[in-house]
Amino acid sequence: MIKARRGAALTAVLAAGSLVLAACGGGAESDPNELRLWHYEAPDSAMGIAWSQAIKEFESTHPGVKVKFEEKGFEQIQKTAPMVLNSKDAPDVMEYNKGNATAGMLSRQGLLEDMSAEVTKRGWDKMLPANVQVTSKYDAKGTMGGDKWFGVPNYAEYVQVYYNKDLFDKHGVKVPTTFAEFTAALDTFVGKGVTPLTNAGAEYMAHQFVYQLALDKADRAWVDAFQRYTAKTSFTDPAWTYGAATFADWVKKGYVAKDSVGLKAEDAGVAFMQGKFPMMFSGSWWFGRVAKEAQFEWDTFTWPGAKLTPGSGGNLWVVPKGSKNKKLAYDFIEITMKKHIQNALGNAGGIPVAADSSAITNPKAKKLIDNFNTLAQNDGLAYYPDWPVAGFYDKWVSEVQKLMNGRGTPAQILGEVQRAYDDGLPK
């Protein structure tokens with residue numbers, strides 16, 4: 001899934017040119033006393049805080065070795081990684097997005113190191129739940145869930161409902177525990193002239209509603225067919241039809257605003273944090289920011305009644321084939337997996353994959369982590385709708401915008417999505 005990163009687009013514009021020039025230039029010299037690290041997490045994010053601590057520990061446990069950290073933009077790495085990793089300027093270790101169209105594509109192109117032996121040797125496979133491992137492992141075609149490890153996540157993520165407790169109390173709405181109670185709550189807000197759900201039609205939020213509603217009628221075999229090509233996916237099946245039709249109906253009913261069709265995720269998130277909407281259905285990546293910026297009492301709940309919901313292990317630590325210090329890269333990854341670093345990540349508002357639950361002191365952060373662990377243990381992570389094929393994200397955005405505008409029926413937009421999906425399947 002592509003997440004909104006503050007400043008990432010600007011960083012990409014300013015820095016992409018330098019990446020292009022570097023890839024065409026002479027390249028970095030090998031230095032056995034330097035670890036070159038790239039990631040795109042903000043310094044005050046949970047991952048940024050934990051990884052800064054990991055860098056300090058790495059340098060203290062590797063006397064004479066310095067970490068040369070370079071902060072990159074999300075879009076910058078996303079768009080230029082294939083070119084840069086095929087040059088002499090590849091870093092030793094970097095954060096990269098997971099999924100068939102990203103890490104899978106690079107693994108297929110031979111740009112990432114097969115980490116399988118190192119993962120087994122260091123026991124990382126024992127630390128990650130089975131459905132978190134799926135996005136770390138790829139087959140020869142670059143399809144996730146394969147037999148070789150090309151990355152390791154040290155955090156996780158999922159989509160949940162953030163809610164404004166003050167607005168719930170003001171309008172006499174109770175926190176729903178079933179889907180029927182959820183829709184009743186939506187109706188109550190609409191009846192009082194309040195649009196219940198913030199939304200962003202120009203980015204991921206809108207099509208994640210469609211996906212979650214489809215997941216309510218799906219099972220693990222359906223997810224595997226869609227995400228991992230284990231069987232043919234038909235977008236005319238009952239689950240997809242229900243998801244698209246129900247979301248179109250939600251727009252008509254006013255559960256989401258029709259004029260949100262052109263909004264970005266940042267717009268929707270800020271509107272929620274300003275108290276303009278009772279709920280936001282979005283990812284755990286918003287957690288730290290909501291905690292910092294919301295000026296009202298808030299909390300979270302998982303999608304009522306769902307056995308499957310969008311989520312996965314976090315972005316991956318990958319080791320490029322061109323890494324000149326692979327052992328140092330593995331040593332750094334190992335430090336990020338240590339309990340005290342994982343605990344720091346959890347207390348900062350992230351979802352660690354190997355924390356000590358009793359060490360998480362923030363009650364809301366503990367709930368965030370416990371809810372993820374429940375989903376992971378019950379095989380409830382369904383990844384994201386834009387993952388299966390390259391270019392799918394843009395197709396989802398444009399088609400769901402048509403659905404919101406009434407410029408396409410559910411059957412028509414699903415037909416377009418089917419064509420894009422079929423065209424993008426690995427041959």
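It should be emphasised that the depicted structure is a prediction, and the values quoted were computed from it without experimental measurement. FYI, side chains are in, hydrogens and waters are out, and symmetry mates aren't considered; it's all heavy atoms of this structure.
Proximity of a side-chain donor or acceptor of Asp224 to a complementary backbone N or O of Ala221 within less than 3.5 Å is not detected. For the pair Thr198 (side chain) and Ala268 (backbone), a donor-acceptor distance under 3.5 Å is present. Although no hydrogens or angles enter the test, the distance criterion places a donor-acceptor pair under 3.5 Å between the side chain of Ser87 and the main chain of Val84. Looking at Tyr421, its side chain never comes within 3.5 Å of a backbone N or O of Ser234 through a donor-acceptor pair. Asp92 contributes a side-chain N or O that, together with a main-chain N or O of Lys324, makes up a donor-acceptor pair within less than 3.5 Å. With Lys321 contributing its side chain and Asp114 its backbone, the two residues share no donor-acceptor pair below 3.5 Å. Put simply, the side chain of Tyr393 never gets that close to the backbone of Ala390: no donor and acceptor are under 3.5 Å apart.
Applying the side-chain contact (heavy atoms from CB on, under 4.5 Å) criterion to Ala257, with sequence neighbours excluded, gives Thr195, Asp259, Ser260. Considering only residues two or more places apart in sequence or on other chains, Tyr242 meets the ring-ring contact (aromatic ring centres under 6.0 Å, His included) condition with none of them.
For the pair Lys364 and Trp298, the cation-pi test (distance below 6.0 Å, angle within 45°) is passed.
Using a 4.5 Å cut-off on side-chain heavy atoms (C-beta onward), Asp125 and Trp149 make contact. The shortest distance between side-chain heavy atoms of Met280 and Met205 falls below 4.5 Å. Contact annotation: the side chain of Val65 approaches that of Leu328 to within less than 4.5 Å [non-hydrogen atoms, C-beta and beyond]. Put simply, the side chain of Gln53 reaches to within 4.5 Å of the side chain of His340, judged on heavy atoms. A 4.5 Å side-chain heavy-atom check between Gln160 and Leu368 finds at least one atom pair inside the cut-off.
A ring pair (Phe, Tyr, Trp, His ring centres under 6.0 Å) with Trp51 is found for one member of Tyr40, Phe58, Phe69, Trp317 and no other, namely Trp317.
Ring pair Phe226/Trp240: centre-to-centre distance below 6.0 Å. Between Tyr383 and Tyr211, the distance separating the two ring centers is not shorter than 6.0 angstrom.
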